[in-house]
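Shown next, in structure tokens, is the structure this report addresses.
Ligands are counted one by one from 1 in listed order, and the atoms in each one are counted from 1 as well. Being a predicted model, the structure only gives us computed values, none of them experimental.
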Amino acid sequence: MAEELDLDNLKALKVLGKGAMGTVFLVQHNSGHVALKVVDKSSSLHDGARRAHWEISVLSRLSHPFLPTLLGSFESNNLMGWAVPYCPGGDLNLLRYRQTDHVFSPAVVRFYLAEILCALHHLHSMHIVYRDLKPENVLIQQSGHVTLTDFDLSRTLSPTKTNTSPSNSHIPDTAPRKPRRNFRWVPLTKAPKSARVTPAARRAAPSFERSNSFVGTEEYIAPEVLRGEGHGFAVDWWALGVLAHEMVYGTTPFKGRNRKETFHNVLLKTPEFVGKKTALTDLISRLLEKDPSKRLGYVRGASEIKEHEFFRGVKWDLLTEVMRPPFIPSRDDVTKPFADGLDVRGYFQSLKSPPSLPPSPLPSPSCEFQNVSLPEF
Ligand SMILES: Nc1ncnc2c1ncn2[C@@H]1O[C@H](COP(=O)(O)OP(=O)(O)OP(=O)(O)O)[C@@H](O)[C@H]1O
């Protein structure tokens, strides 16, 4: 049961990340560390309060080892916040950049895909379509297992419209809408920024205003979304295919020189795979089927994908016990916290008065990992 948090008693140790919607703080709470996401309700640009209520409502329904648990929440006149377990391992994108050639081995890919698939299976079983799968939203727990984060773009689908719900018809009025213009920027010489997304006011993308639910990250958007044909659960299977491609090749499959070219590629380009055909390339190409009704997972959901040859041997019911995570954060890196803790309320107040800006946010975790080798298959 999520508790009511008292903002005045919460001291942030540092800023873990800043997203389109809010700021995530590392907070000491009940003798442990939690991640506290705080949204400025007055931020009319991003419709903060409505989106925060939506995310809290989704989190409060989740109960799965690869999804966050809502630990507590608060609401004041100006701020809303909620706490979830802290994931010290950073995200899958940062982890990939720590690998040789910035790619994971097929065995590691299998591990992460299997866990993400289980998390999506759970969400879909609750009629929630995630719609924001990308490596930056896959966090690594202290145990090395994954947690999906950021449910801002998720939506509830009517059970009767499981796969190809027409755009918007299933979106509850209370659901937030979060248009984004996303781009990827990864300086070659620096560690990649955790998020490759930048929110933009809807007016920044006028050509897509017709569809109220045109959302997602450019390189991860499914063709049916671009075609304005609606958002079914199959958009998550498409994104799983893009993510798998990025993890194993180091690039997303449809990235163009600009957004127009990326969207053109998403709609028309057939992904190419270097080297011989494998179970993994077969899985990716089946997930990247442009017609959602022919896409793997369309007919029987996650179960259909779990049966794919690439996952042969995975003990789905025993994932947390049997499968050893390939990377385990070696220490809970809470180094360089703010000296006396950071007052969350003061942090937001100071954002509104530029002369006394707070210390700049620290980047995502710099923890090290124990590399656990997985058997090749
Ligand atoms: N549980 C957590 N443990 C550790 N870090 C976290 C946790 N939750 C979020 N973060 C960090 O905070 C960042 C922002 O979080 P989140 O994606 O939920 O915010 P957002 O405002 O919705 O962002 P976006 O712009 O991607 O929509 C994440 O990229 C991550 O670095």
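- Aromatic ring centres of Trp238 and Tyr298: separated by at least 6.0 Å.
- Those atoms of ligand 1 that come under 4.0 Å of a heavy atom in Leu16, given as number and element, are 4 (C), 5 (N), 31 (O).
- Note: Phe66 and His64 meet the aromatic proximity criterion, with ring centroids under 6.0 Å apart.
- For the side-chain contact (heavy atoms from CB on, under 4.5 Å) criterion with Trp237, the lone passing option out of Leu120, Leu288, Leu296 is Leu120.
- Atoms of ligand 1 found under 4.0 Å from any heavy atom of Cys87 (numbered from 1 in listed order, with element): 1 (N), 2 (C), 3 (N), 4 (C).
- Taking 4.0 Å as the cut-off, Pro85 counts as a neighbour of ligand 1 on heavy-atom distance.
- With contacts defined as side-chain heavy-atom distances shorter than 4.5 Å, the pair Lys255/Glu218 does not qualify.
- For a threshold of 3.5 Å applied to N or O pairs, the pair formed by Val24 and ligand 1 contains no separation below that value.
- Per-residue contacts place Tyr86 under 4.0 angstrom from the following atoms of ligand 1 (heavy atoms of the residue considered): 3 (N), 4 (C).
- Some N or O of Met21 is nearer than 3.5 Å to an N or O of ligand 1, by distance alone.
- In summary, the atoms of ligand 1 found under 4.0 Å from a heavy atom of Val84, numbered by their order in the structure, are 1 (N).
- Neither the backbone nor the side chain of Pro68 comes within 4.0 Å of ligand 1, counting heavy atoms alone.
- Of all the listed residues (Lys18, Gln141, His33, Lys37), Lys37 holds the heavy atom that lies closest to atom 20 (P) of ligand 1.
- Formation of a donor-acceptor pair under 3.5 Å by the Glu55 side chain with backbone atoms of Ser154 is not found in this model.
- Between the choices Leu94, Thr149, Leu139, Val38, the shortest heavy-atom distance to atom 7 (C) of ligand 1 belongs to Leu139.
- Residues Phe111 and Trp316 share a single hydrophobic cluster, defined by chaining ILVMFWY side chains whose heavy atoms lie under 4.5 Å apart.
- Screening Ile116, Val242, Asn93, Leu94 against Pro135 for a side-chain contact (heavy atoms from CB on, under 4.5 Å) leaves a single residue, Asn93.
- When each atom of ligand 1 is checked for a heavy atom of Gly22 under 4.0 Å away, the hits are 21 (O).
- An N or O contact shorter than 3.5 Å links Asp150 to ligand 1 by distance.
- Exactly one residue among Leu133, Asn137, Leu62 makes a side-chain contact (heavy atoms from CB on, under 4.5 Å) with Leu148. That residue is Leu133.
- Per-residue contacts place Ala35 under 4.0 angstrom from the following atoms of ligand 1 (heavy atoms of the residue considered): 1 (N), 2 (C), 3 (N), 7 (C).
- Using a 3.5 Å distance cut-off with no hydrogens or angles, the side chains of Ser76 and Asn78 do not pair a donor with an acceptor.
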